[in-house]
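What follows is one structure encoded as structure tokens, with my remarks underneath.
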Amino acid sequence: MTTFGGSWTEQKAQIVEKYAQAYLQIMKERPWKTLYFDGFAGAGSIEISNSKEIEGVAKRILKINNPTSFDLYYFVELSASKAASLKKMVKKDFPEKEKFVFIVQQDCNQKLADLSVFLNKNKNEFRVLAFIDPYGMELRWESVEKLKGYGLDLWLLLPTGLGTRLLTRSGRIPQKWMIKLESFLGISSETIQDTFYQKSMQTELFEEEQSLIKEKQSIQKLHTLFKNRLLSVFNYVSKPYVIRNKNNSIMYHFLLASNNRTAIKIANDIIKKYEL
Ligand SMILES: C[S@@+](CC[C@H](N)C(=O)[O-])C[C@H]1O[C@@H](n2cnc3c(N)ncnc32)[C@H](O)[C@@H]1O
């Protein structure tokens, strides 16, 4: 079981579930096989407080039979105990689907690379709905880039709140954090500095010193930057569903990237219903 926070976890799960239903309604009439790829699949259920437990997205997706089911399910989960719980849940609750379900205990980035190789070979046979739901910046940009040119819709949870916390106010970003930002955004430390900081020169008595001033709208900038990065891989990106914590601070932007315009319209319609 995963312990995680708040009603937004439920709302995010409902958004993916509703989208999957609409997706399958369309795919039912199409010639392709459908694959659901969940890169951060969890344990099958989520404890959102000590007393309350909700169904994880994996289980919700497996439950869908109407309008139709996915042909294949691929769940990636790094934690051995969570992957084992997920396997147990599938065996117990979905014995009839077990042979169509793959559960691998590995890093999502590795499996996204494998997925792109698979799609390259089976491009005309499969359509994929992918869900990437990390806690933080575990996803690497190079993994997203590999998905270019396929019939794949990608729901992505962008950790914009965490990202902006790594962008320290002084601009002196610890090396470990900078490496994380570089791999997540797929841009160099120089571009990160140029994007999120303004340079200001301060003159001391005998020398000039340069200091950095962090952009005020850094969360929005981070969202825009990532959206534009996504638009170099996919044709369209949906509006974001913005997830805030109890203090009203932004934690995540949740959005869909797709090569299909109708997919984005459906996502935007669903998101609209969840906006405050
Ligand atoms: C936010 S939870 C996902 C919850 C899930 N979507 C659900 O509905 O239950 C993130 C999950 O990703 C797993 N994880 C962390 N790093 C990972 C990685 N590099 N590759 C795959 N899974 C990872 C964690 O163990 C955790 O279960």
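Keep in mind the model is a prediction, meaning the values are calculated, not measured. By convention here, the first residue in the shown sequence is residue 1. Just follow the structure's listing: the first ligand is 1, and inside any ligand the first atom is 1.
- Taking the six-membered ring where the residue is Trp, Y23 and Y19 present tilted rings, their angle falling between 30° and 60°.
- Ligand 1 has no atom lying under 4.0 Å from any heavy atom of A58.
- Short contacts between ligand 1 and Q106, defined as distances under 4.0 Å to a heavy atom of the residue, involve ligand atoms 20 (N), 21 (C).
- When each atom of ligand 1 is checked for a heavy atom of G42 under 4.0 Å away, the hits are 27 (O).
- Where the criterion is an N or O separation shorter than 3.5 Å, residue side chain and backbone included, D38 fails it with respect to ligand 1.
- Taking 4.0 Å as the cut-off between side-chain N and carboxylate O, K63 and D93 do not count as a salt-bridged pair.
- In terms of modelled atom types and a separation under 3.5 Å, the side chain of D107 and the main chain of N109 share a donor-acceptor contact.
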Pair F37-K111, side-chain contact (heavy atoms from CB on, under 4.5 Å): steps then yes or no = CA-CA 10 Å; F37 177 98; K111 297 323 288 180; 4.0 Å; yes
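- Between E98 and K92 there is no salt bridge, since no side-chain nitrogen of the basic residue lies less than 4.0 Å from a carboxylate oxygen of the acidic one.
- Contact check on K52 versus E47 returns no salt bridge, with no Lys/Arg side-chain nitrogen under 4.0 Å from an Asp/Glu carboxylate oxygen.
- Under 4.0 Å from ligand 1, not a single heavy atom of S45 appears.
- Within the listing of ligand 1, atoms 16 (N) sit less than 4.0 angstrom from a heavy atom of E138.
- Aromatic ring centres of W8 and F254 lie farther apart than the 6.0 Å criterion allows.
- Note: F102 and Y74 have parallel aromatic rings, judged against thresholds of 30 and 60 degrees for the angle between ring planes.
- Close approach to G39 involves these atoms of ligand 1, each under 4.0 Å from a residue heavy atom: 21 (C), 22 (N).
- In the vicinity of D133, heavy-atom distances shorter than 4.0 Å reach the ligand 1 atoms 1 (C), 2 (S), 3 (C), 4 (C), 5 (C), 6 (N), 10 (C).
- With respect to the salt-bridge test (charged N to carboxylate O, under 4.0 angstrom), the residues D153 and R127 do not qualify.
- Distances below 4.0 Å separate heavy atoms of D107 from the following atoms of ligand 1: 18 (C), 19 (N), 20 (N).
- Aromatic ring pairs are classed by plane angle as parallel below 30°, tilted from 30° to 60° and perpendicular above 60°; the pair H223 and H253 is parallel.
- The shortest N or O to N or O distance between N109 and ligand 1 is not under 3.5 Å.
- For ligand 1, the polar-atom distance check against K82 finds a nitrogen or oxygen pair separated by under 3.5 Å.
- Inclusion of C108 in the set of residues having an N or O under 3.5 Å from an N or O of ligand 1 is warranted.
- Every atom of ligand 1 with a heavy atom of A41 under 4.0 Å away is listed here by number and element: 5 (C), 7 (C), 9 (O).
- Within the 4.0 Å heavy-atom criterion, both parts of V57, backbone and side chain, lie near ligand 1.
- Listed by atom number, the atoms of ligand 1 under 4.0 Å from F131 heavy atoms are 6 (N).
- For G56, no nitrogen or oxygen atom sits less than 3.5 Å from a nitrogen or oxygen atom of ligand 1, counting backbone and side chain alike.
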